[in-house]
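Below is one structure, written out as structure tokens; the observations come after it.
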Amino acid sequence: MTETLLVTGGAGFIGTHIVAQAIAAGWCVRVLDSLRPDVHPVDAAAPAGTEFVRADMTDADAMTPAVEGADVVCHQAAKVGLGVDLGDAPDYVRSNDLGTAVLLAAMARAGVGRLVLASSMVVYGEGNYRDRQGPIAAPPRDLADLAAGRFEPISPRTGEALVPELIDESAPLDPRNVYAASKVAQENLVRAWARETGGHGALLRYHNVYGPGMPQATPYAGVASLFRSALEAGLAPTVLEDGAQRRDFVHVSDVAAANLAAIDWTASAGAGTARPFNVASGEVHTVGEMADALADAFGGPAPVITGGYRLGDVRHITASSQRLRDELGWRARVGFADGMREFARAPLRDPAAS
């Protein structure tokens, strides 16, 4: 008997890749998506081969029938990115946290006990660091240092720049912007749901996802999309700070495969489980290296290092994905060089309708 998978946000960038892989794997796929005009192009449509429910995540009346009959839910719907300013905060909380609460309540009523949540690396704040005395949490960077072009986090013990290391899922959470706070709240809601219902949840902490179909020309998009959109417009990618920020860039097809592996894992996970997994390629690169690779593959213009900064940004965040490899049998298949060559010429999603 074919099982039914509900994918919230299934018409979005990552969601469409999950839907395609799920259909290929034999799932009956139902998509719930609001097709918000500030996110989707004017001609946005349901992914082919799916049962489609057009509704907002906060609409409890629509959520109840969407969840009925589903065997597992893959929750991708969210407002993403750092945002424009604090005025975005109510929409982040409504879309991400209230929407997740409405979904979980509907799942509890319907007896649906398997969930995969799209979380994010932003829940950690800064990554792992050490100084000469050992591991240490990085304090928020000082505004005066940023303005002076001193971008590395400084050890309060030694006064020297901290040394970045890979972060794993045992690290404490330290959200440093509104989007990050909303993702931590989503994780905590899923933990509460799992404890109270005996549900089985996987919390997938995505690192910097890129690939075909990324949204373009939006302040909420990831840095890879911003650079690629600039190149498409004949402009030089503008790189904040000094370009030495360390990140892990993971291809969207690998992220979709991680979701399918997590969906399978929830079938055998212990009752009351809500387990986090880093979804990362395992390759550390700087933002400047990524901009250079894209520009080279596209054929220019060369990136421009601006020295600018945003207070909500973190300096370095790179992950160990050992848990995902060991427990779910997942491996990243697309390497950085090949992925950037593909992405330089891959189609982007049309601009949002408004």
Side-chain angles (χ1 to χ4, degrees), residues 7-9 14-15 18 72-78 80 96-97 99-101 103-104 107 113-129 135 137-138 164-177 179-209 247-250 252 254-282 284 314 316-332:
V7 182
T8 72
I14 297 174
I18 294 170
V72 58
V73 176
C74 186
H75 182 27
Q76 304 295 311
V80 301
N96 297 355
D97 302 337
T100 298
L103 170 65
L104 294 173
M107 291 176 63
R114 296 167 59 194
L115 173 69
V116 175
L117 171 72
S119 186
S120 171
M121 67 179 188
V122 298
V123 299
Y124 296 119
E126 287 282 357
N128 263 7
Y129 291 88
E165 298 183 323
L166 299 184
I167 198 164
D168 66 25
E169 296 85 351
S170 67
L173 305 187
D174 182 20
R176 297 196 176 187
N177 56 59
Y179 171 56
S182 76
K183 299 308 286 186
V184 171
Q186 280 187 302
E187 288 198 7
N188 286 335
L189 286 166
V190 173
R191 291 187 179 95
W193 162 82
R195 284 193 300 268
E196 294 182 25
T197 67
H200 315 262
L203 314 174
L204 301 187
R205 294 173 178 167
Y206 300 161
H207 284 251
N208 289 77
V209 185
R247 297 291 189 270
D248 186 301
F249 300 98
V250 58
V252 65
D254 286 328
V255 174
N259 274 270
L260 270 290
I263 288 165
D264 290 343
W265 175 86
T266 61
S268 57
T273 297
R275 188 155 176 78
F277 297 91
N278 285 328
V279 181
S281 71
V284 175
V314 299
H316 303 297
I317 175 71
T318 56
S320 166
S321 56
Q322 191 67 44
R323 176 182 292 180
L324 188 63
R325 296 196 301 270
D326 290 347
E327 298 184 17
L328 275 63
W330 173 90
R331 295 287 187 279

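Worth saying up front: this structure is predicted, and the values here are computed from it rather than measured.
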Interatomic distance, OG1@Thr318 vs CD1@Ile167, rounded to 0.5 Å, equals 8.5 Å
Rounded to the nearest 0.5 Å, the CG atom of Asp174 sits from the OH atom of Tyr124 at a distance of 12.5 Å
With [X], which residues qualify under side-chain contact (heavy atoms from CB on, under 4.5 Å), at least two apart?
| X | result |
| --- | --- |
| Ala181 | Pro175 |
| Ala185 | Asp97 |
| Arg325 | Ser321, Gln322, Trp330, Arg331 |
| Ala118 | Gln76, Tyr206 |

Checking [X] now: which residues fulfil side chain to side chain donor-acceptor pair (under 3.5 Å) with it, not counting sequence neighbours?
| X | result |
| --- | --- |
| Ser182 | Asn96 |
| Ser170 | Asp168 |
| His75 | Thr8, Thr100 |

Residue pairs meeting salt bridge (Lys or Arg N to Asp or Glu O under 4.0 Å), one or both in residues 188-207, sequence neighbours left out, come to Glu187-Arg191, Glu187-Arg205
For residues 260-276, the salt bridge (Lys or Arg N to Asp or Glu O under 4.0 Å) pairs (sequence neighbours left out) are Arg275-Glu327
If every non-hydrogen atom of [X] is compared with every non-hydrogen atom of [Y], which pair is closest and at what distance?
| X | Y | result |
| --- | --- | --- |
| Leu166 | Ser320 | CB-N, 4.0 Å |
| Gly125 | Arg176 | CA-CG, 4.1 Å |
| Met107 | Trp193 | CE-CZ2, 3.7 Å |

**Prompt:** Sub-3.5 Å donor-acceptor pair from the side chain of Asn259 to the main-chain atoms of Val116, do we have one?
**Reply:** no
Under 3.5 Å donor-acceptor, Glu126 side chain and Ala137 backbone = no
Across all chains, not counting sequence neighbours, the salt bridge (Lys or Arg N to Asp or Glu O under 4.0 Å) partners of Arg114 are Glu3
Residues at least two apart in sequence or cross-chain that pass ring-ring contact (aromatic ring centres under 6.0 Å, His included) with Phe277, listed by chain then number, are Trp265
Query raised in the report: Checking side-chain hydrogen bond (donor to acceptor under 3.5 Å, both in side chains) for the pair Ser281/Asp248: CA distance, chi angles, key distance, verdict?
Result: CA-CA 6 Å; Ser281 71; Asp248 186 301; 2.8 Å; yes
